[in-house]
Protein chains: 4
Amino acid sequence: MSLYSDFFYSNHINELFSDRNEVARMLEVESALAQAQAQEGLFSEDLALAISKCCSADFIDINLLKSEIKLGGNAAIPLVKQLTRQVKIQNFEASKYVHFGATSQDIIDTATVLGIKEYLNFIESSIEHLIENLVHLVKKHRETAMIGRTLLQQAKPITFGLKLIGWLSGLEQSHEHLYQLRNRVLKIQLGGAVGGGNASITEDVKIETAILLGLHISVSWQSSRGSFGEWASFLGVLSGNLGKIAKDISLLMQTEIGEVFEGAAEGKGGSSTMPHKRNPVTCAAILANANRVPHLVASMLSSMIQEHERSAGLWHSEWETLKDLMSLTAGSLEKSIELLEHLEVNETQMAKNLELTKGLIYAENVSLALGKEIGKIQAHEYIEKACKKAIAKDMHLLDVLKEQSLDLNNLASYFSATFSLDATYKAIDKVLEKYS
Amino acid sequence: MSLYSDFFYSNHINELFSDRNEVARMLEVESALAQAQAQEGLFSEDLALAISKCCSADFIDINLLKSEIKLGGNAAIPLVKQLTRQVKIQNFEASKYVHFGATSQDIIDTATVLGIKEYLNFIESSIEHLIENLVHLVKKHRETAMIGRTLLQQAKPITFGLKLIGWLSGLEQSHEHLYQLRNRVLKIQLGGAVGGGNASITEDVKIETAILLGLHISVSWQSSRGSFGEWASFLGVLSGNLGKIAKDISLLMQTEIGEVFEGAAEGKGGSSTMPHKRNPVTCAAILANANRVPHLVASMLSSMIQEHERSAGLWHSEWETLKDLMSLTAGSLEKSIELLEHLEVNETQMAKNLELTKGLIYAENVSLALGKEIGKIQAHEYIEKACKKAIAKDMHLLDVLKEQSLDLNNLASYFSATFSLDATYKAIDKVLEKYS
Amino acid sequence: MSLYSDFFYSNHINELFSDRNEVARMLEVESALAQAQAQEGLFSEDLALAISKCCSADFIDINLLKSEIKLGGNAAIPLVKQLTRQVKIQNFEASKYVHFGATSQDIIDTATVLGIKEYLNFIESSIEHLIENLVHLVKKHRETAMIGRTLLQQAKPITFGLKLIGWLSGLEQSHEHLYQLRNRVLKIQLGGAVGGGNASITEDVKIETAILLGLHISVSWQSSRGSFGEWASFLGVLSGNLGKIAKDISLLMQTEIGEVFEGAAEGKGGSSTMPHKRNPVTCAAILANANRVPHLVASMLSSMIQEHERSAGLWHSEWETLKDLMSLTAGSLEKSIELLEHLEVNETQMAKNLELTKGLIYAENVSLALGKEIGKIQAHEYIEKACKKAIAKDMHLLDVLKEQSLDLNNLASYFSATFSLDATYKAIDKVLEKYS
Amino acid sequence: MSLYSDFFYSNHINELFSDRNEVARMLEVESALAQAQAQEGLFSEDLALAISKCCSADFIDINLLKSEIKLGGNAAIPLVKQLTRQVKIQNFEASKYVHFGATSQDIIDTATVLGIKEYLNFIESSIEHLIENLVHLVKKHRETAMIGRTLLQQAKPITFGLKLIGWLSGLEQSHEHLYQLRNRVLKIQLGGAVGGGNASITEDVKIETAILLGLHISVSWQSSRGSFGEWASFLGVLSGNLGKIAKDISLLMQTEIGEVFEGAAEGKGGSSTMPHKRNPVTCAAILANANRVPHLVASMLSSMIQEHERSAGLWHSEWETLKDLMSLTAGSLEKSIELLEHLEVNETQMAKNLELTKGLIYAENVSLALGKEIGKIQAHEYIEKACKKAIAKDMHLLDVLKEQSLDLNNLASYFSATFSLDATYKAIDKVLEKYS
């Protein structure tokens with residue numbers, strides 16, 4: 001991530017996935033395993049205590065560890081080596097029970113899940129925070145009329161609240177899915193060399209270890225990687241939901257539209273030589289992440305086809321991919337909160353843009369009303385002709401109709417955004433019900 | 001799909017997504033909408049009936065429809081045109097209420113969801129079928145010893161039942177997720193031109209339409225595509241779970257391993273000129289699909305960043321991608337059922353392969369037992385030396401140890417796959433509990 | 001592709017890849033092989049002639065072929081079966097030499113390359129056509145001033161010609177790459193069962209066959225798939241270049257910008273009830289394709305890791321992916337030609353949008369000029385203040401400066417798009433040199 | 001990359017892309033630009049010299065730079081700020097000409113290309129090194145018979161040389177493509193704010209800058225990203241070619257096959273408790289990278305659809321993706337060289353595996369020879385029956401045929417790998433010609 005660690009990412013999550021914390025989580029698993037095995041009577045609690053005391057990243061030479069990974073092919077092998085050496089210094093007997101009956105993958109997978117667990121809590125509260133922001137904005141902008149746009153063309157009026165409801169609904173679904181996937185994802189991997197357990201890795205040891213780590217128990221999933229697949233996908237959808245928000249804001253912030261803006265911080269997004277510019281810098285970061293994330297999800301899904309009891313390569317391809325995926329999504333989430341907290345809404349410009357077509361966006365309103373009096377087809381033809389005239393003469397449609405002395409009650413009333421927004425208010429209110 | 005429609009796909013699902021059935025589902029939505037609007041008093045039930053009577057694919061010239069899509073940019077526009085014409089012939093008044101207040105996306109998205117609903121039922125029962133097969137096989141092979149392999153190397157014994165448990169667990173998770181995502185995915189899209197509803201698309205009309213179609217109600221999700229993102233991801237994980245099975249079988253079927261085989265049908269996978277060959281043809285199809293599916297999932301996730309109230313391109317990119325994704329996954333599922341139903345297990349060869357390393361896979365057993373007597377380190381060194389001797393002299397490790405007159409009770413007993421499989425049986429039994 | 005065969009695709013290329021034509025190309029390979037073998041004296045030319053006479057898709061029952069693919073796992077096996085039967089009827093002796101020494105993959109891969117060859121010619125002339133269109137447009141719009149936009153914000157003036165030059169340069173690179181990859185991609189696959197050739201597939205037979213088919217000779221590339229990887233990537237880049245064009249046009253066509261438009265055909269992109277709408281329907285199709293294509297490229301690259309002398313699944317995953325990739329890219333190319341041929345450019349609106357910021361986009365011009373007189377820093381501060389005043393008072397910057405009696409020669413001249421476009425003209429002219 | 005920086009990557013390339021070196025390359029561009037502008041008379045050479053003297057990463061506070069990126073949205077803005085401050089200290093007048101007329105993207109893109117240039121040289125010489133290794137191995141194993149495998153089944157004999165030729169041909173194509181893409185990829189980006197150049201960024205300044213940096217001149221490609229698309233794709237294909245090699249080796253290294261091995265370093269790939277294990281650790285790293293790379297290529301291709309003169313997000317999404325892509329591919333390349341340099345080939349095991357089917361792999365040889373005497377069909381039926389008998393009785397096919405007193409000259413000679421390898425030798429020799 002290097003130069004751009006602040007730009008695309010969350011510093012909090014960068015720290016969570018630091019080398020040191022990755023190592024600490026692997027040691028946490030080793031410690032819990034030893035404790036569980038002692039509790040199950042495989043050796044004395046003193047020995048387990050001796051092991052646990054050494055399970056601190058302070059004792060690990062991380063650079064040495066990194067340089068040795070290429071020998072064994074994963075981080076657990078050199079870690080266990082260093083840990084055993086450390087325990088041996090403290091308590092020779094205890095050193096026999098370090099990593100007792102376990103396999104590298106038990107440690108790495110379970111440590112990864114511990115990382116996910118912390119991450120998941122961060123993500124969950126961040127989503128809730130974002131939902132809160134959005135609900136607040138929806139309430140505020142329930143009736144803030146603006147043009148709805150389809151295929152990048154002005155279509156018909158909506159309110160900004162409705163647009164916000166769309167953003168909100170995506171996050172609500174992510175939130176619901178997040179709740180449901182916990183028990184599928186937050187589970188220990190513990191099965192020994194080939195996953196079936198052994199004299200040191202009994203079902204009871206598995207249960208104890210899971211309890212100590214606050215994880216669910218599970219049959220070994222060494223090469224059954226659906227839980228990581230679902231987790232990656234969840235992040236992919238969440239990132240997509242956030243990208244959608246950033247996309248809309250960046251479009252609404254176009255010089256020619258100017259309806260909604262990223263909050264301006266000192267020096268942010270500006271240009272000293274181009275004073276009119278206000279770049280959607282935060283949106284750009286979120287959109288960049290949203291462009292990358294789907295491919296990382298696919299990378300995780302591609303890596304599911306793992307051979308036999310442990311894959312030669314596909315397991316390994318998960319490690320950094322999953323971390324990148326989580327880091328980018330966390331960055332987007334943190335930035336989205338910031339984005340919505342400081343969002344600036346220009347209602348005047350929204351109103352002005354509603355007038356841009358000189359009444360043409362209201363043609364359908366008039367046509368429907370007229371249709372009830374003179375028939376749908378006739379009305380449609382009449383109004384279509386009037387629209388063409390309005391365009392040709394660059395006149396407001398209402399003026400054209402007045403000029404033609406159209407006989408329709410409250411003619412001007414049709415030329416208003418609010419004329420047709422009742423259903424929109426109701427749609428919004430229905431969603432807001434659960435937040436009242 | 002063309003030439004390979006039978007090979008990669010399920011004919012049943014190919015039919016479900018035929019042009020005609022796609023059109024029929026769009027018409028089903030138009031019909032339900034008209035019925036709902038009549039029930040809500042927007043027009044008489046007679047008129048709705050007249051519309052519904054015309055909502056049959058029989059009345060649609062599909063080639064004409066296809067050729068007109070490039071004008072309007074989607075299939076609903078020419079469909080509504082043809083439908084209106086048809087209704088007009090039957091009941092001029094009714095023709096005014098065809099597609100009343102709706103937008104193309106309402107029809108297309110909701111019809112897609114109707115397709116997903118049928119598909120989902122097929123998938124669900126297929127997964128259940130597959131789980132049943134697997135449970136049956138697990139019970140049968142609970143104690144069928146074979147070598148476990150990590151990084152494509154023989155590691156330690158497992159039973160075939162344990163391998164099957166791994167396959168099973170992936171499918172169980174997919175099954176659970178499938179159940180949970182129903183209400184997020186099976187929902188109508190109905191919101192009119194810009195999603196907020198209108199005088200013809202009221203909240204009550206939405207509820208009625210949803211009830212008629214057997215779908216959940218929802219706020220408009222025209223450009224909030226998380227539900228399709230999650231659905232695509234679900235398929236991605238399922239496809240990965242199936243690919244894992246096919247991968248293992250294709251590897252076990254290698255000439256040099258020969259432990260498990262695809263069932264041989266007349267003329268299947270064979271070669272008249274190479275009589276020893278038995279190609280894993282079904283596995284190849286499933287693996288081909290598993291290689292393609294993750295990228296299609298990414299395609300769906302990439303398409304989530306949709307602009308404003310309807311995207312110019314990203315919505316459109318979903319249509320075929322989602323269909324391909326569902327078709328490939330259905331094909332893999334159907335083929336996996338066939339694969340497991342006719343699976344041939346060669347237990348003799350499994351036993352033979354356990355002997356391939358001449359006892360080396362049991363070195364750890366002896367080392368652990370010996371360690372209790374002479375100390376872990378000493379035992380390890382002793383056995384390591386013996387192993388090297390066994391390799392150098394191409395002798396069985398047991399013979400080396402005997403030659404060296406190793407004093408250990410029941411020495412031969414350590415040289416057996418079953419020696420260390422107790423934990424494996426228990427791990428299997430724990431999973432089987434819920435199927436007893 | 002079904003319902004959307006006209007929308008996303010090129011009918012011409014759809015036809016090129018029809019089942020019948022796929023079969024015909026496989027037969028073309030069988031025929032050339034027989035001819036080559038006869039020329040090399042492996043059997044008489046009469047027998048080769050008898051075989052070639054039967055190598056017509058007319059003799060093939062394609063539905064039967066499709067239904068048998070799942071037995072052998074590819075299309076060549078049932079095809080050779082039908083072909084042999086047909087030859088046997090005509091000339092029993094000749095039937096012994098059908099597919100003589102060849103393997104299925106020889107036929108399928110070489111037939112695919114034959115398809116690519118035809119496709120490549122179509123693509124090449126289409127790119128040239130598109131380049132021609134663009135050069136024409138560049139010449140026309142060399143001096144058509146418009147605002148340049150960065151991060152979706154108005155930045156500084158460019159000319160439409162410069163934007164077109166950017167589009168052009170992408171296509172020029174694709175064109176150059178296309179020329180260079182021909183000899184890597186357009187090569188026969190011919191090697192027999194395991195690629196090394198045999199008594200019937202000699203080096204000379206390979207050369208003859210290659211000559212007859214107009215392909216390059218090559219060592220067997222059964223499981224060395226870089227040429228397809230590069231070919232897929234080429235299509236990915238081309239599709240990206242086309243997507244960039246469609247993206248810009250769709251953005252310029254926004255109601256609020258209105259500078260450039262897709263040509264309007266009768267009934268195209270319009271809406272009878274929303275007369276102001278003009279949907280970028282063609283852009284949407286190209287953008288949809290551009291969103292899908294990168295994932296299909298990745299699918300092809302993922303499939304490169306093929307096992308041994310023929311893969312169990314990855315080879316199979318290429319078949320439909322490559323075809324989809326070629327079909328989508330051809331569709332985009334055909335649609336891009338149409339798009340540019342009928343492009344409507346609204347120079348008035350371009351000029352109007354240059355005035356939208358009321359002179360702020362010219363602030364830098366004044367600042368630089370003033371800097372020469374009073375110093376860069378002082379000038380910058382002076383102008384920055386004036387800009388803020390202009391924004392606050394909603395005044396034109398020029399008026400603010402006049403009001404402040406700024407003493408600068410030809411002050412008004414700085415407030416013109418053309419003021420700073422000399423370098424742009426030169427950049428354009430440099431590119432145009434090779435087209436004069 | 002963190003913990004796994006040594007495992008998946010090349011330390012040399014990690015260093016090339018260190019923060020400090022990224023910054024140094026940006027400064028190199030600023031320096032060259034100043035020199036070029038002075039040469040073109042825009043300011044004195046003294047001023048340019050003053051700027052160039054400050055263009056050293058030593059003067060840059062990289063942590064400060066990183067923390068400020070989120071304000072401006074890219075690394076050039078805070079870098080120019082720091083550089084300007086530094087120059088101002090040395091030479092106030094010169095500070096006016098820092099980054100004169102340039103835009104952030106000019107600096108970032110060109111610096112990226114400078115990084116690619118260095119990287120490309122490393123890659124090119126590494127490929128050449130690898131090709132050399134392969135050619136050496138091909139020569140050595142031209143006649144080393146082994147079984148060819150299709151769909152993971154033993155098919156017919158090849159030589160290891162032929163397999164190596166397949167690996168070689170992929171790299172040769174990458175090498176050729178690499179040569180051709182240089183002028184498309186190694187080009188400056190220099191165009192000022194919106195790409196068209198300006199009074200400080202003239203065509204002559206562009207030419208001078210390009211010459212100073214050793215890059216090709218080009219029209220601005222700010223939002224025409226095909227060159228990066230092609231570059232990414234090239235890496236994707238190269239990574240696929242390397243993955244193919246690692247795949248084959250990992251499969252050949254299976255305990256049950258044991259034909260080819262990664263070289264064993266002290267402590268590498270082994271397991272102290274499982275002495276028979278020899279994990280393909282290097283293959284696993286290469287395969288992990290090969291699984292990730294295609295998705296990163298797709299990410300680059302997806303980012304081509306950039307808006308207007310600079311994208312809001314897609315440009316930004318390239319930065320880390322391209323770096324990851326290059327880093328992973330370099331890692332794979334470095335590891336592949338190591339892999340092939342220390343490759344161990346077990347010819348005895350190859351010979352042994354040829355006997356595994358007890359002559360069945362030679363059935364076709366006999367059948368073809370017999371066919372010439374008694375007719376193809378009759379021969380085929382006779383041999384097929386004999387094969388079935390051999391399988392049923394677990395006899396060698398030759399013994400069955402002898403038992404049946406088959407009258408065929410030199411019967412035993414057909415049961416030899418070398419019987420049919422002449423064409424293979426010739427195919428190899430043809431490739432070797434250019435290396436003699």
Side-chain angles (χ1 to χ4, degrees), chain A residues 96 148-152 155-156 158 162 165-166 169-170 173-174 176-177 180 184 193-198 201-203 219 221 223-224 226-227 229-230 233 236-237 240-241 243-244 247-248 251 290 294-295 297-298 301-302 304-310 312 376 420 423-424 426-427 430-431, chain B residues 96 148-152 155-156 158 162 165-166 169-170 173-174 176-177 180 184 193-198 201-203 219 221 223-224 226-227 229-230 233 236-237 240-241 243-244 247-248 251 290 294-295 297-298 301-302 304-310 312 376 420 423-424 426-427 430-431:
Chain A
K96 296 180 186 171
R149 294 170 177 95
T150 57
L151 286 102
L152 293 169
K156 297 189 136 197
I158 58 170
L162 185 74
I165 284 284
S169 67
Q173 286 176 57
S174 284
E176 189 179 293
H177 186 195
Q180 293 170 344
R184 282 191 293 277
V194 285
N198 53 47
I201 307 286
T202 63
E203 285 301 300
V219 71
W221 45 283
S223 54
S224 174
S227 66
E230 185 182 351
S233 302
V237 174
N241 283 327
K244 156 65 179 166
K247 188 71 185 175
D248 276 0
L251 287 171
H295 304 286
V297 175
L301 293 175
S302 288
M304 283 185 67
I305 319 303
Q306 306 200 354
E307 311 95 302
H308 295 313
E309 281 59 66
R310 186 173 313 139
K376 197 184 172 185
S420 58
T424 298
K426 279 187 190 142
K430 190 155 182 198
V431 173
Chain B
K96 296 180 187 171
R149 294 169 178 96
T150 56
L151 286 102
L152 293 168
K156 300 188 135 199
I158 56 170
L162 185 74
I165 285 284
S169 68
Q173 287 175 57
S174 284
E176 189 179 292
H177 186 194
Q180 293 170 346
R184 281 192 293 278
V194 284
N198 52 49
I201 308 286
T202 63
E203 285 302 299
V219 71
W221 44 283
S223 54
S224 174
S227 66
E230 184 181 352
S233 301
V237 173
N241 284 326
K244 156 68 178 164
K247 188 74 189 172
D248 276 1
L251 287 171
H295 304 285
V297 175
L301 293 175
S302 287
M304 283 185 66
I305 319 302
Q306 304 198 356
E307 310 95 305
H308 296 312
E309 280 60 66
R310 185 173 313 138
K376 192 186 175 186
S420 58
T424 297
K426 281 188 189 140
K430 190 155 180 198
V431 173

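Source: prediction; values computed, not measured.
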Which atoms form the tightest heavy-atom contact between [X] and [Y], and what is the distance?
X	Y	value
B:Ile201	A:Ala423	O-CB, 4.4 Å
B:Ser224	A:Ser169	OG-OG, 3.5 Å
A:His308	B:Asp248	N-OD1, 2.7 Å
A:Pro294	B:Leu301	CB-CB, 3.8 Å
A:Val194	B:Ala155	CG1-CB, 3.6 Å
A:Lys156	B:Ala193	CD-CB, 3.8 Å

Which residue out of [options] racks up the most heavy-atom pairs below 4.5 Å with chain A?
options	answer
B:Val297, B:Ile158, B:Val431	B:Ile158
B:Ser227, B:Gly196, B:Ala290	B:Gly196
B:Lys426, B:Met304, B:His295	B:Met304

Would the distance check show the side chain of B:Glu309 and the main-chain N or O of A:Arg149 forming a donor-acceptor pair, the cut-off being under 3.5 Å? yes
Using a cut-off of under 4.5 Å for heavy-atom pairs, which of [options] has the most such pairs with chain B?
options	result
A:Gly240, A:Gly236, A:Gly229	A:Gly240
A:Gln306, A:Lys247, A:Gln180	A:Gln180
A:Leu251, A:Val237, A:Val219	A:Val237

Salt-bridge contact A:Glu203-B:Lys430 (side-chain N to carboxylate O under 4.0 Å): yes
Verdict with reasoning, A:Glu230 to B:Ser233, per side chain to side chain contact (heavy atoms under 4.5 Å, CB included): CA-CA 7 Å; A:Glu230 185 182 351; B:Ser233 301; over 6 Å; no
What do the steps show when you test B:Arg184 against A:Glu176 for side chain to side chain contact (heavy atoms under 4.5 Å, CB included), and what is the final call? CA-CA 9 Å; B:Arg184 281 192 293 278; A:Glu176 189 179 293; 2.8 Å; yes
Centroid-centroid distance, A:His177 to B:His177, less than 6.0 Å: yes
Go through the atoms of [X] and report whether side chain, backbone, both or neither lie under 4.5 Å from a heavy atom of chain B.
X	answer
A:Asn241	both
A:Ser174	neither
A:Ile305	both
A:Thr202	neither

If you measure only the distance, is there a donor-acceptor pair under 3.5 Å linking the side chains of B:Ser223 and A:Lys244? yes
